[in-house]
Amino acid sequence: MAIDFKPKLGLLLAILLFGVAACEAVNAIADAIDQISDGAPCNVNNGCLGGKCLTESELGFPGGYCTTLNCESQGCTGFSSECFRTELAGKSVTACYELCDFDGSCERASEGYQCVQLQDTPVCLPPTAVNAPVQGSTGSGCSNNLQCNGEGATCLTTFFGGYCSQLGCSTDADCLDNNPCVTLEDSSTACLRGCESDDDCRFGYSCTQYAGSNICLESNSSGPRNPDGEDDGASCVANINCKGGTCIRANEEEGGATSYPGGYCTTRDCASNDDCNGDSICIARTRSTACFDVCESNSDCRDGYECRSTPEGGSVCDSIVEAVAPDPNQNAFEVQCGSEKNLTFTMPDGTIGFYIAPFAPGGQKVVPNVLRNPNGSSLNIPSEYEWLAVNPELLGSLAPIQFPASDASNFRDAFGPGEYTLEVSTQASELCWYVIPKTSPGTQLDINLYFVGTSISANEAQGSSSVRRVEQVVQSIYNDMGVTAQVANYIDASDSVSQQYGIIRDFYDVFNLVATSEATGDTADEALTVNVFLIEDFNISEAPGLLGVSTGIPGMAGLHGNSGAGLVFSAASLGRDDQQLGQTMAHEIGHFVGLRHTTEHYGSAHDPITDTPECLAPDLAFLCEDSDNFMFAFALGGEQNDTTPGQAFVVQRSALIK
């Protein structure tokens with residue numbers, strides 16, 4: 001909540017807390033804030049947290065509409081609105097409008113509000129008050145199929161910002177508004193947005209002749225979204241502050257704690273450094289890309305940020321990660337702690353692989369460098385095992401790593417019995433670590449399913465047909481790899497956790513949420529479970545449409561209650577698109593047990609599995625042989641259930657597959 005409004009919130013707290021039990025007050029406060037935030041109905045200005053009520057009689061907003069004016073300097077109220085340069089009563093102003101729900105709907109639909117595309121962003125407004133196309137029309141931005149209209153509606157998520165289409169058309173008459181039915185390079189057909197000039201297309205698209213029609217396709221010459229905005233890395237309170245069009249919110253809380261202090265401008269969905277603004281580079285985020293300001297040392301970054309190296313090369317100013325370290329006293333595994341940076345351990349006879357997890361309880365970064373093998377050979381991890389050297393960049397002080405994570409001939413039988421030494425670099429005075437050997441391929445995957453602020457409880461989930469369909473998709477994919485997957489425990493998160501993390505607004509909230517996990521038993525078998533958190537939804541500005549996140553590749557196995565101990569998923573599609581939710585869950589669990597994407601964003605890299613297809617242009621998914629694989633980088637809306645024997649080889653050697 002913007003700091004400008006704390007006096008009003010203080011008064012609201014005093015009113016609500018009088019005579020209300022503390023546990024009830026938390027929910028009451030949240031409900032009350034929703035009722036007066038941007039987009040809420042109103043009669044008078046002082047009935048709105050942002051201080052302005054747009055009335056029906058004066059401006060055509062049925063039932064009144066709360067907003068915040070001059071939002072380019074003070075931001076919006078609530079967590080589901082955005083700031084736009086717009087026109088009200090003939091005057092150019094900036095005002096906040098409420099974003100649409102996951103499925104492209106509006107809570108106030110019965111009053112005449114619809115989800116429209118205002119400056120390429122879906123917001124709930126009365127169509128008569130603004131001149132904007134309805135969300136779901138051909139060519140609209142989207143993040144899932146439910147946001148698109150028409151028979152066979154599909155969101156092409158490989159396009160910049162998503163692209164509403166209809167697949168399998170025969171003629172233009174099969175398309176909404178008679179848009180062109182176009183034959184693609186793989187001979188399939190799709191409805192794409194027709195145009196006469198670039199002005200008919202969204203930002204990032206231009207009017208291009210293709211297959212005999214003029215249609216809106218992605219353009220490489222769009223320039224910055226907001227030319228008058230600040231460069232990537234600058235502070236901000238709203239998207240319109242930034243050249244790239246995205247402000248990663250400060251996420252302010254009482255006491256001034258922020259995940260991105262002062263906000264952080266970025267350009268999302270970048271294809272290369274050329275798409276960035278200022279002195280910034282394009283780096284991969286979870287199923288997305290974004291631009292971050294480059295640096296050489298922490299002194300180059302603002303307060304609250306640190307200079308962090310990236311897997312793509314180079315270093316950027318990113319928010320300081322305050323990882324929650326594991327408790328070394330969890331007794332299911334023999335955790336060793338000391339000052340030694342060369343970790344020596346012996347694997348027993350019959351070993352076919354192992355998992356080792358070094359971590360710094362004090363929060364200092366830990367980087368595995370070299371693994372020295374029993375035969376005297378050594379493996380340089382950053383250069384020869386780079387596809388599994390990502391955790392120090394994700395988790396900083398937690399650096400779990402798995403051997404083998406490839407079925408290539410030089411790895412598949414290379415990690416047997418004997419004495420090993422893992423050399424790590426860290427400034428930590430104390431380093432802890434534990435090892436889990438694998439003596440046979442695993443066949444059992446156990447899941448702890450947490451419910452965090454969702455409309456369904458743990459008890460209800462056990463009898464829910466929708467939850468069962470999601471589980472069946474996960475089970476089917478892992479069964480193809482010789483692994484039986486099951487939910488071992490259904491768990492309700494506490495009221496305080498649900499209140500704080502029911503909607504995730506920042507990537508680092510993901511780490512904080514999984515750190516609330518708890519072991520469900522004292523034995524190693526009980527501890528080796530995957531924590532899966534179902535939340536109400538994500539609302540992360542640089543990753544719109546995010547479906548799920550894994551906190552590590554691989555994650556922390558066996559030790560719970562830390563920043564690398566689980567996965568987080570949106571439950572917004574539960575009961576609406578259970579197939580997609582199940583595929584996403586299987587995909588992120590794949591990361592958690594050691595798998596990379598078959599092809600990374602823009603074809604920049606491929607996984608180390610020998611039998612997975614590769615693609616040079618994954619954004620053109622219809623050309624990719626791996627687009628049906630469950631570890632493809634994009635969710636395409638169809639069935640992506642394929643696995644390979646090479647993936648099965650790696651999964652069965654994960655510490656979490658028993």
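- Residues Ala485 and Val474 come closest through the heavy atom pair CB-CG1, 4.4 Å.
- Counting only heavy atoms from C-beta outward, the side chains of Asp318 and Thr310 never approach each other to under 4.5 Å.
- For Tyr355 (side chain) and Ala557 (main-chain N/O), a donor-acceptor pair under 3.5 Å exists by modelled atom type.
- Contact record, Leu99 with Glu82: CD2-CB, 3.9 Å, taken as the closest heavy-atom pair.
- Within the 4.5 Å cutoff, no side-chain heavy atoms of Leu528 are placed close to those of Asp446.
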Would you give me the side-chain donor-acceptor pairs under 3.5 Å for residues 341-348, sequence neighbours excluded?
| from | atom 1 | to | atom 2 | distance (Å) |
| --- | --- | --- | --- | --- |
| Lys341 | NZ | Ser339 | O | 2.7 |
| Lys341 | NZ | Ala428 | O | 3.2 |
| Thr344 | OG1 | Thr421 | OG1 | 3.1 |

Test disulfide (SG to SG under 2.5 Å) applied to Cys291 and Cys276, step by step: CA-CA 6 Å; Cys291 296; Cys276 299; 2.0 Å; yes
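- Atom CD of Gln486 has more than 12 heavy atoms from other residues, nucleotides or ligands within 6.0 Å.
- At least one donor-acceptor pair under 3.5 Å links the side chain of Arg302 to the backbone N or O of Pro261.
- Every residue meeting the side chain to side chain donor-acceptor pair (under 3.5 Å) condition with Ser309, not counting sequence neighbours, appears here in chain and number order: Lys365, Glu393.
- Residues meeting the side chain to side chain donor-acceptor pair (under 3.5 Å) test with Gln364, sequence neighbours left out: none.
- In this structure, Asp509 contributes its side chain and Ile504 its backbone to no donor-acceptor pair below 3.5 Å.
- Contact of the Ile553 side chain with the Leu388 side chain is registered, since non-hydrogen atoms from C-beta on lie closer than 4.5 Å.
- Minimum heavy-atom separation, Pro404 to Arg653: CG-CD, 3.9 Å.
- Judged by distance alone, the side chain of Asn239 and the main-chain N or O of Cys247 form a donor-acceptor pair under 3.5 Å.
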Cys317 and Cys307: CA distance, side-chain angles, deciding distance, disulfide (SG to SG under 2.5 Å) verdict: CA-CA 5 Å; Cys317 293; Cys307 191; 5.6 Å; no
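- Only one option out of Asn277, Asp232, Thr266 pairs with Lys243 in a side-chain contact (heavy atoms from CB on, under 4.5 Å); it is Asn277.
- For the ring-ring contact (aromatic ring centres under 6.0 Å, His included) condition, the pairs that include at least one residue of residues 289-325, sequence neighbours left out, are Tyr264-Phe292, Tyr264-Tyr305.
- Asn489 and Tyr450 form no side-chain donor-acceptor contact under 3.5 Å, judged by distance and modelled atom types alone.
- Side chains of Ser457 and Asp492: no donor on one and acceptor on the other come within 3.5 Å.
- A donor-acceptor pair under 3.5 Å links the side-chain atoms of Thr551 to the main chain of Gly566, judged by distance alone.
- Between Phe415 and Tyr385, the ring planes lie perpendicular to each other; the angle is over 60°, past the 30° to 60° tilted range.
- Note that NE2 of His597 and NE2 of His591 are 3.0 Å apart. Values are rounded to the nearest 0.5 Å.
- Thr598 and Gln647 make their closest contact through CG2-NE2, 3.9 Å (heavy atoms, listed as atom of the first residue, atom of the second, distance).
- Residues Cys432 and Pro361 have side chains in contact (heavy-atom distance under 4.5 Å, counting atoms from C-beta outward).
- Annotation: salt bridge (charged side-chain N to carboxylate O under 4.0 Å, His left out) contacts of Arg372 (sequence neighbours excluded): Glu423.
- For CG of Asp303, the number of neighbouring non-hydrogen atoms (other residues, nucleotides, ligands) closer than 6.0 Å is 12 at most.
- Not a single donor-acceptor pair under 3.5 Å links the side chain of Thr454 to the backbone N or O of Glu536.
- Judged by distance alone, the side chains of Asp537 and Ser570 do bring a donor and an acceptor atom under 3.5 Å apart.
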Begin with the C-alpha distance, continue with both residues' side-chain angles, and end with the deciding distance and a verdict on side-chain contact (heavy atoms from CB on, under 4.5 Å) for Met631 and Asp607. CA-CA 10 Å; Met631 293 306 298; Asp607 71 14; 5.8 Å; no
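- Side-chain contact between Met585 and Leu534 is present, with heavy atoms from C-beta onward closer than 4.5 Å.
- The aromatic ring centroids of Phe403 and Tyr420 lie 6.0 Å or more from each other.
- A distance of 9.0 Å separates CZ of Phe354 from CD1 of Ile401, quoted to the nearest 0.5 Å.
- Between Leu559 and Phe359 there is a side-chain heavy-atom pair separated by less than 4.5 Å.
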Please lay out, stage by stage, how His560 and Asn448 fare under the test side-chain contact (heavy atoms from CB on, under 4.5 Å). CA-CA 11 Å; His560 303 263; Asn448 296 327; 4.3 Å; yes
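- Val424 and Pro358 get closest at one heavy-atom pair: CG1-CG, 4.4 Å.
- Here the OG1 atom belonging to Thr351 is positioned 11.0 Å from the NZ atom belonging to Lys438, to the nearest 0.5 angstrom.
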side-chain contact (heavy atoms from CB on, under 4.5 Å) between Asp279 and Asp231, worked out: CA-CA 8 Å; Asp279 192 15; Asp231 285 336; over 6 Å; no
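- Taking 4.5 Å as the limit, every side-chain heavy atom of Leu547 sits out of range of all side-chain heavy atoms of Glu588.
- Here Asn273 contributes atom CG and Thr267 contributes atom OG1; the two are 11.0 Å apart, rounded to the nearest 0.5 Å.
- Ser319 OG to Phe507 CZ: the interatomic distance, rounded to the nearest 0.5 Å, is 12.0 Å.
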Kindly determine whether Trp387 and Phe411 satisfy ring pair (Phe, Tyr, Trp, His ring centres under 6.0 Å), including the steps that lead there. CA-CA 13 Å; Trp387 20 266; Phe411 293 125; 5.6 Å; yes
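- Listed by first then second residue, pairs satisfying ring-ring contact (aromatic ring centres under 6.0 Å, His included) with a partner in residues 536-559 number zero, not counting sequence neighbours.
- Looking at heavy atoms from C-beta onward, Thr520 lies in side-chain contact with Ile491 at the 4.5 angstrom threshold.
- In this structure a side-chain-to-backbone donor-acceptor pair under 3.5 Å is present from Glu384 to Asn380.
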Could you walk me through whether Ser563 and Leu398 pass the side-chain contact (heavy atoms from CB on, under 4.5 Å) test, one step at a time? CA-CA 8 Å; Ser563 296; Leu398 315 178; 4.2 Å; yes
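- A donor-acceptor pair under 3.5 Å is absent between the side-chain atoms of Arg268 and the main chain of Gly245, judged by distance alone.
- Salt-bridge formation is not detected for the pair Lys658/Glu526: no Lys NZ or Arg NE/NH1/NH2 atom is positioned less than 4.0 Å from an Asp or Glu carboxylate oxygen.
- Ring pair Tyr478/Phe630 is perpendicular by interplanar angle, where above 60° counts as perpendicular and below 30° as parallel.
- Counting only distance, with no hydrogens or angles, the side chain of Asn391 and the backbone of Pro554 share a donor-acceptor pair below 3.5 Å.
- Under the 2.5 Å cut-off for SG-SG separation, Cys236 and Cys242 do not qualify: their sulfur atoms lie farther apart than that.
- Note: Ser406 OG to Leu595 CG = 10.5 Å, rounded to the nearest 0.5 Å.
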